[in-house]
Amino acid sequence: MLRILTAFIFFTRLPFWKLAEVPAEYFKNIVSRWALVGWFTAGLMVIVLYAGSLVLPSGVALALAMITRLLITGCLHEDGLADFFDGFGGGTNRERILAIMKDSHIGSYGVIGLICYFGLYYLLLSNLPVELAGCAILAGDPYSKGIAGMIINRLPYARKEEEAKSKTVYSRMTTGEYLFSLICLLLPLCWLPEPVYFLAGLLPVATWYLLTTFMKKKIQGYTGDCCGATFLLCELSFYLGIAVIYTTTL
């Protein structure tokens, strides 16, 4: 339980740290619990979405749900996505890409990337019925976090440990951790209303493979920013798949 608590402390900004003190080395193994944290963040988003849609237009309720996750996570993943776009957009070699991603300032690539991301996220889900959008979030958040977490099993960390922003380098998953993560990412797919929507799960896998291949070529590894960016882009591709299936099966 202490290892699970560590993941909630790292991936959210809620005061879980008050419950217990955890050893620093536990933070090296939090990625395998990332999908489980997704159950929590997705659940709170959907509560806000459904409750808000009872008294507000569905589009406003969705916006509030999106803001809810941003507040819970402290924009942790979105910060990584902006740095990812800045680094790979503006960097011409490995050293320059890593230097740009470590810079706390946001550049034009990061701004444009975030605008495109939030715009697509909102449009994809707002054009679904509220019930389906909620089911998609309950499935897509933890599923995509679990898929993105597999990056640590494919690629090495691109920097030295002392150069890491969080001063922590994730350890590769053991067999037990891998199975735990796999269960946590697959179970939420049961929220999808029809089996045909399971096909949407193929897009995050393809997105993960393309992104990790790109990172391997450009920087020979991954960073924490790459993890956050991979999650958000995998999740976006999942919602794209849901939207396509919904539209073509009407």
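Predicted model only: the values in this text are computed from it and were never measured.
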Open item on the list: Regarding K102 and D83, does a basic nitrogen lie under 4.0 Å from an acidic carboxylate oxygen?
Closed with: no
Open item on the list: With a sphere of 6.0 Å drawn around CZ of R13, does it hold more than 12 non-hydrogen atoms of other residues, nucleotides or ligands?
Closed with: yes
- [ ] Hey, can you tell me if F84 and F214 have their rings parallel, tilted or perpendicular (30° and 60° cut-offs)?
- [x] perpendicular
TODO: May I ask you to decide if G91's main-chain N or O and R96's side chain share a donor-acceptor pair within less than 3.5 Å?
DONE: no
Task: L5 side chain near M1 side chain, heavy-atom distance below 4.5 Å - done: no
Task: Hydrophobic cluster membership, Y143 vs V244, 4.5 Å side-chain cutoff - done: yes
Open item on the list: Ring-plane angle category for Y157 and Y222, please: parallel below 30°, perpendicular beyond 60°, tilted otherwise.
Closed with: perpendicular
TODO: Start with the C-alpha gap between C226 and F88, add the side-chain angles, then the distance that decides, and say whether side chain to side chain contact (heavy atoms under 4.5 Å, CB included) holds.
DONE: CA-CA 10 Å; C226 293; F88 286 93; 4.1 Å; yes
Task: NZ or CZ of K28 within 45° of Y170 ring axis and under 6.0 Å - done: no
Task: Within 6.0 angstrom of Y122 OH, more than 12 heavy atoms from elsewhere - done: yes
Task: Flag if over 12 foreign heavy atoms under 6.0 Å of OH, Y117 - done: yes
Open item on the list: Any side-chain to backbone donor/acceptor pair from R69 onto A42? Under 3.5 Å, distance only.
Closed with: no
Open item on the list: Strictly distance-based, threshold 3.5 Å: is any side-chain N or O of S237 a donor or acceptor partner for the main-chain N or O of C234?
Closed with: yes
- [ ] Verify whether one side chain among K145 and T41 offers a donor that lies under 3.5 Å from an acceptor in the other.
- [x] yes
Open item on the list: Can you tell me if E25 has over 12 outside heavy atoms packed within less than 6.0 Å of its CD?
Closed with: yes
Open item on the list: Test your reading of the model: is there a side-chain donor-acceptor pair from N127 to the backbone of L123, 3.5 Å cut-off?
Closed with: yes
Open item on the list: Has D86 got a side-chain atom pairing as donor or acceptor with G107's backbone, closer than 3.5 angstrom?
Closed with: yes
TODO: Determine whether more than 12 heavy atoms belonging to other residues, nucleotides or ligands lie under 6.0 Å from atom OH of Y50.
DONE: yes
Task: Residue list, side-chain hydrogen bond (donor to acceptor under 3.5 Å, both in side chains) with R154, at least two apart or on another chain - done: T212, T213
